[in-house]
Amino acid sequence: MNARAKKTYLAVIGAFACLLGPFAARADQVDQVLDRFKNEPTVREVQEAAMKYAAVNPERLQAQFGAAKTSKLLPRTRVRVDRSFDDDRDININVDGERSVGIDTDDDTDISVQAEWRLDELLMGSDKIRIIRENSRLVELRDDLLDEVTKLYFDRRRLQVRLLLRPSSDTQKRVEDELRLQELTAQIDALTGGFLTAKSRESSE
Amino acid sequence: MRSFCLCAVIAVALGWCAPALGQVVDRDRAWHPRANGISDPKITALGLHPTDENIAYAGTSDGAIYRTDDGGETWTEVLRVFTSSRERTGRGLRRSSGNDDTELDSSGDEANIEDQLEEFFEDEKERIFEELVDELGEDEAEVQAEIEAQQNTDRLRDELESQDSATDAADEEIAELDAAIREITLHPTVPGVVFAATSDGLWRYDDQSARWQHIMSGLGDVEAESTSVIAAFSTPPQEDGEPRPRSAWVLAGTRGGLMLSTDAGDTWTTEPGTIGSAEIRRLAVHPTQRWRLAAATDRGVFVSYDGGDSWRVLFTSLGAGGDILSVAYDAAEDGGLFVGTADGLFAVEPGGSSRRVGGAQFPLPVFRRIEPLAPGELLVTTPRGVWLSEDGGFTFDELSRGLPTPSTVLVVSRRESPGELWVATDLGVYRWLEGRPPTVKPVEPVPYAELIHAAHTYAMEDVSTLNRYRRQLGAKRFLPRARLNAGRGSFYSMHELLTPVNVGGVEVGRRRDITGFDVFTDFYIYLQLTWGLDQIFTSTTHHQLRTFRRQAWQRRAERTDRVIRLTREWTDIKQIQASRENAPPEDRNVLAETVAELRRQEIEAYLDAAVGGVLTEIEGKETEP
């Protein structure tokens with residue numbers, strides 16, 4: 001945020017705070033406050049971005065099951081080609097002392113194909129259980145990730161509201177709040193691959 | 001017949017015991033919001049007047065103390081603890097809206113302020129010691145000796161302060177980190193005296209002088225530890241028949257040890273004993289024998305039988321050794337202790353034996369505060385609601401229905417009327433009153449079953465999926481391994497004969513004759529089926545799936561619990577919001593309502609994430625903060 005933008009931001013905050021005065025509220029004032037952040041992505045969008053970035057979105061998890069099933073429909077295939085050459089010689093000596101030599105030359109070729117279907121594992125097997133457990137871990141990771149990103153999102157939003165409605169008169173405190181806001185933004189960006197900043201900038205433009 | 005008699009005896013015994021156990025909490029009541037005038041919704045401390053049910057104090061996370069004189073209908077800010085370094089150095093920069101003449105001048109230079117403070121402290125000391133003399137009839141010389149001792153302490157304090165400005169600077173930095181009011185305690189026997197513990201030390205207020213005093217003297221190094229967390233009042237037991245000052249002992253727990261003041265907070269000494277520099281997390285005073293104290297610390301639970309003069313360790317850990325967070329005496333005359341740890345809640349008998357209570361009922365075993373109401377009846381506050389036990393902690397019922405958030409900080413009751421409850425939450429103060437809270441319209445009921453089912457389906461652990469796995473495993477046992485073999489073999493064989501060629505009886509060479517050929521071509525195909533009969537009853541896959549299913553059912557239970565809690569919290573906030581819709585504008589607070597709305601949206605986002613967006617579909621709208 002450059003100096004000019006920062007001044008404008010503080011001026012808007014100040015003006016808003018003055019307008020709200022002692023916080024005597026009308027019904028629509030809460031909506032007015034929250035509408036100030038319309039240009040930022042919704043929490044749902046941030047959650048989706050985080051899931052995609054961590055590759056734990058439901059489609060990907062389902063795809064693993066599909067891939068496992070498809071792979072089990074295909075047989076384990078074994079192709080075998082044998083070729084053998086054989087050369088036998090026999091020497092026969094008759095009673096007259098005559099010798100003869102018999103030669104047998106063999107050339108054998110054998111081609112075989114073996115296809116094996118593990119029909120039992122088509123339904124349930126070690127591979128499938130491995131995928132089920134892996135998916136279960138990914139679901140836990142997804143839950144943790146969504147909790148984390150949701151918490152960060154609303155921590156940030158609460159801080160924004162606080163800065164808007166009750167900006168501190170202490171410069172140091174204001175700087176600390178501003179740094180905390182940047183920290184929360186960076187944390188969300190880290191979990192979503194920069195989605196929050198990119199989307200906010202896109203909306204502003 | 002014998003069993004019938006036994007049952008009858010038990011029934012009669014229970015009938016006799018029931019009134020003794022007492023049920024002071026009226027279940028027909030409900031939590032009513034009582035936070036008009038408090039600007040910060042996060043309440044961190046509550047204190048009730050011991051005799052006047054209309055007077056209460058509330059402390060907030062931003063360092064303000066409010067007082068109500070009409071039972072919580074309206075609150076007035078009476079103190080704001082400033083914590084910035086400049087303000088704190090001045091020490092005069094504090095204000096009390098309760099009485100103008102008590103507001104110290106903050107416009108003068110620092111020397112002027114110090115003069116005012118000195119004068120103020122001197123006046124205060126004189127007043128308190130005069131009261132002591134009047135009240136107890138003590139020998140004037142003895143009192144004079146105490147005054148001199150105190151003056152010595154003051155001199156020592158001044159020297160330490162002048163030598164240790166670096167420590168002060170560090171202290172100021174620490175103090176800035178947390179402005180929350182940590183504890184408000186009203187003197188149980190001297191009405192009108194209030195102590196407030198903050199990260200900036202202790203504050204004292206009394207109705208007579210109608211002003212707040214920052215009492216920090218003598219805290220020394222402990223002050224540098226940054227915090228006074230708890231104030232409690234003990235009554236020293238009599239010694240050799242000599243009356244000792246009553247109701248003037250104040251204990252303050254800090255992160256660096258325990259402080260004891262025998263002059264109502266004017267001067268402080270470090271409690272030597274065995275506690276040392278342990279972090280004090282909670283102090284408890286026995287309800288009737290006020291010389292019996294207990295302290296929950298990071299080094300275990302300590303007890304004192306002499307009003308805090310000496311301490312001994314009761315135990316260093318409980319259960320699986322989780323952090324000890326809270327302690328309270330049972331309300332019974334000869335009752336034991338209740339100890340809240342990160343591992344659960346424990347009841348400790350007077351003899352020292354302990355047992356776990358509450359079981360795994362609490363979703364988050366973090367006990368912020370234990371409030372004994374009557375013998376065997378207690379309330380505990382957790383980040384997941386207020387829980388009531390009427391059987392000594394064996395079972396607990398949740399008592400947070402109607403609160404906008406389950407994140408409760410503490411619940412308090414007046415000893416004289418223990419059923420009169422106040423609770424401090426992250427979204428304001430609530431009071432347990434007759435009738436239902438004013439609601440304009442009930443919010444739409446949420447289809448819990450649908451949400452729970454959606455959550456399990458989204459996690460791929462719904463019942464049909466788990467059952468399908470089981471069926472597949474059952475069918476797998478009878479399915480063979482099929483092996484299809486197909487092949488073609490070609491065999492070629494040539495037979496030759498070498499015979500010798502003789503000329504004149506002499507072999508001159510050999511003749512090679514081809515005698516024949518053999519050519520075979522073979523085609524074959526066959527199917528081989530193999531059944532693993534040895535794996536019909538059990539196998540590695542069986543074991544793996546059984547383990548997975550067991551874990552999945554545990555996860556399902558946790559998930560169900562989470563969805564129910566989130567849904568309840570979400571609907572509660574909506575209900576509270578609906579009830580506030582028609583409130584007059586002067587009673588409304590934009591910041592508090594925005595925070596509540598954000599909380600609702602946050603819960604909605606958690607819930608929606610847990611159920612895969614089904615909530616959004618049900619609501620027919622996007623979750624959009």
Side-chain angles (χ1 to χ4, degrees), chain A residues 20 23-27 29-30 33-34 37 42-44 47 58 61 75 80 98-126 129 132-133 135-136 139 143 146-147 150-151 153-154 157-158 161-162 165-166 170 172-173, chain B residues 39 84 458-461 469 472-473 475-477 479-500 510 532 540-541 544-545 548 551-552 555 581 585-586 588-591 593-595 597-598 601-602 605-606 608-610 612-613 616 622-625:
Chain A
L20 293 172
F23 312 129
R26 288 207 316 273
Q29 280 185 323
V30 172
V33 171
L34 296 179
F37 310 106
T42 65
V43 66
R44 191 74 193 151
Q47 287 173 342
L61 299 184
R80 184 172 165 178
E98 291 177 346
R99 292 179 302 164
S100 64
V101 178
I103 302 171
D104 290 338
T105 307
D106 297 336
D107 181 358
D108 302 337
T109 306
D110 187 12
I111 300 170
S112 66
V113 178
Q114 187 185 63
E116 188 184 53
W117 284 269
R118 300 288 304 264
L119 298 180
D120 53 343
E121 293 206 350
L122 189 63
L123 291 178
M124 178 62 67
S126 297
I129 286 187
I132 290 170
R133 289 164 123 180
N135 270 359
S136 177
V139 166
D143 289 348
L146 290 179
D147 279 359
T150 306
K151 183 179 176 300
Y153 184 92
F154 282 97
R157 184 53 46 86
R158 272 188 285 269
V161 168
R162 199 177 177 83
L165 296 184
R166 190 185 291 172
D170 186 347
Q172 188 182 345
K173 181 80 172 67
Chain B
S39 62
S84 80
Y458 191 52
M460 293 183 284
E461 286 179 352
Y469 293 157
Q472 287 172 344
L473 185 66
K476 163 198 154 74
R477 294 179 296 183
L479 285 178
R481 182 182 297 184
R483 190 177 288 168
L484 183 68
N485 292 283
R488 177 182 178 276
S490 59
F491 310 99
Y492 171 81
S493 183
M494 182 175 72
H495 307 292
E496 294 171 281
L497 187 64
L498 287 176
T499 52
R510 292 185 181 182
T540 311
T541 315
Q544 287 173 333
L545 192 65
F548 170 77
Q551 292 167 345
R555 285 193 295 270
E581 264 177 12
E586 62 272 17
R588 304 189 65 171
N589 179 323
V590 170
L591 182 60
E593 289 187 13
T594 309
V595 169
E597 171 61 13
L598 280 176
Q601 290 180 0
E602 185 179 6
Y606 285 131
D608 214 22
T616 305
E622 282 294 316
T623 308
E624 196 168 320

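Note that the structure is a prediction, hence the values are computed from the model and not measured. Chain identifiers are assigned alphabetically (A, B, ...) following the order of the sequence lines, protein sequences preceding nucleic acid strands; residue numbering begins at 1 within each chain.
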Inset, instruction - Test B/Leu484 against A/Trp117 for side chain to side chain contact (heavy atoms under 4.5 Å, CB included), laying out the working first. - result: CA-CA 8 Å; B/Leu484 183 68; A/Trp117 284 269; 3.9 Å; yes

Inset, instruction - Would you please test B/Tyr469 and A/Ile132 for side chain to side chain contact (heavy atoms under 4.5 Å, CB included) and show each step? - result: CA-CA 10 Å; B/Tyr469 293 157; A/Ile132 290 170; 3.5 Å; yes

Inset, instruction - Test side chain to side chain contact (heavy atoms under 4.5 Å, CB included) on A/Arg157 and B/Gln601 and set out the steps. - result: CA-CA 11 Å; A/Arg157 184 53 46 86; B/Gln601 290 180 0; 5.9 Å; no

Legend entry - Criterion side chain to side chain contact (heavy atoms under 4.5 Å, CB included) on B/Tyr606 and A/Lys151, from CA distance to verdict: CA-CA 9 Å; B/Tyr606 285 131; A/Lys151 183 179 176 300; 3.3 Å; yes

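Here the side chains of B/Gln551 and A/Ser136 are not in contact, with every heavy-atom distance at 4.5 Å or above. The closest side-chain heavy-atom distance from B/Tyr492 to A/Thr109 is not below 4.5 Å.
For a residue to count as touching a neighbouring chain, one of its non-hydrogen atoms must lie under 4.5 Å from one of that chain's; by this rule A/Val101 touches chain B with backbone and side chain alike. Residue contact with chain B, scored on non-hydrogen atoms closer than 4.5 Å, involves the backbone and the side chain of A/Leu119 alike. For a residue to count as touching a neighbouring chain, one of its non-hydrogen atoms must lie under 4.5 Å from one of that chain's; by this rule B/Arg477 does not touch chain A.
Your options are B/Ala552, B/Gly613, B/Ala482, B/Ala610, and the one with the most heavy-atom pairs under 4.5 Å with chain A is B/Ala482. For chain A, the option among B/Ser493, B/Gly487, B/Pro480, B/Ser490 with the highest count of heavy-atom pairs below 4.5 Å is B/Ser490. The most heavy-atom pairs under 4.5 Å with chain B, out of A/Val161, A/Asn135, A/Asp147, come from A/Asp147. Contact count against chain A (heavy-atom pairs under 4.5 Å) is highest for B/Tyr458 among B/Tyr458, B/Phe548, B/Phe491. Taking B/Leu473, B/Leu479, B/Leu498, B/Thr499 one by one and counting their heavy-atom pairs under 4.5 Å with chain A, the maximum is reached by B/Leu498. Between chain B and the options A/Ile111, A/Leu61, A/Asp143, heavy-atom pairs under 4.5 Å are most frequent for A/Ile111.
The structure places OG1 of B/Thr594 at 6.0 Å from CG of A/Leu34, a figure rounded to the nearest 0.5 Å. Distance check: A/Ile129 CD1 to B/Thr541 OG1 gives 5.5 Å after rounding to the nearest 0.5 Å. Atom-to-atom distance recorded for B/Met494:CE and A/Thr105:OG1 is 4.5 Å, nearest 0.5 angstrom. A/Asp106 CG to B/His495 NE2: the interatomic distance, rounded to the nearest 0.5 Å, is 7.5 Å. How far CZ of B/Arg481 is from CD of A/Glu116: 5.5 Å, rounded to the nearest 0.5 Å. Going from atom CG of B/Asp608 over to atom CZ of A/Arg44 covers 5.0 Å, rounded to the nearest 0.5 Å.
Of all heavy-atom pairs between A/Val139 and B/Ala459, the closest is CG1-CB, 3.6 Å. Across A/Gln47 and B/Ala609, no two heavy atoms sit closer than the pair NE2-CB, 3.7 Å. Here the closest heavy-atom approach between residue B/Ala475 and residue A/Leu123 is recorded as CB-CD1, 3.5 Å. Of all heavy-atom pairs between A/Met124 and B/Lys476, the closest is O-CD, 2.9 Å.
Scanning for salt bridge (Lys or Arg N to Asp or Glu O under 4.0 Å) contacts around A/Asp110 gives an empty result, with sequence neighbours left out. Partners of B/Glu597 by salt bridge (Lys or Arg N to Asp or Glu O under 4.0 Å), not counting sequence neighbours, listed by chain and number: B/Arg600.
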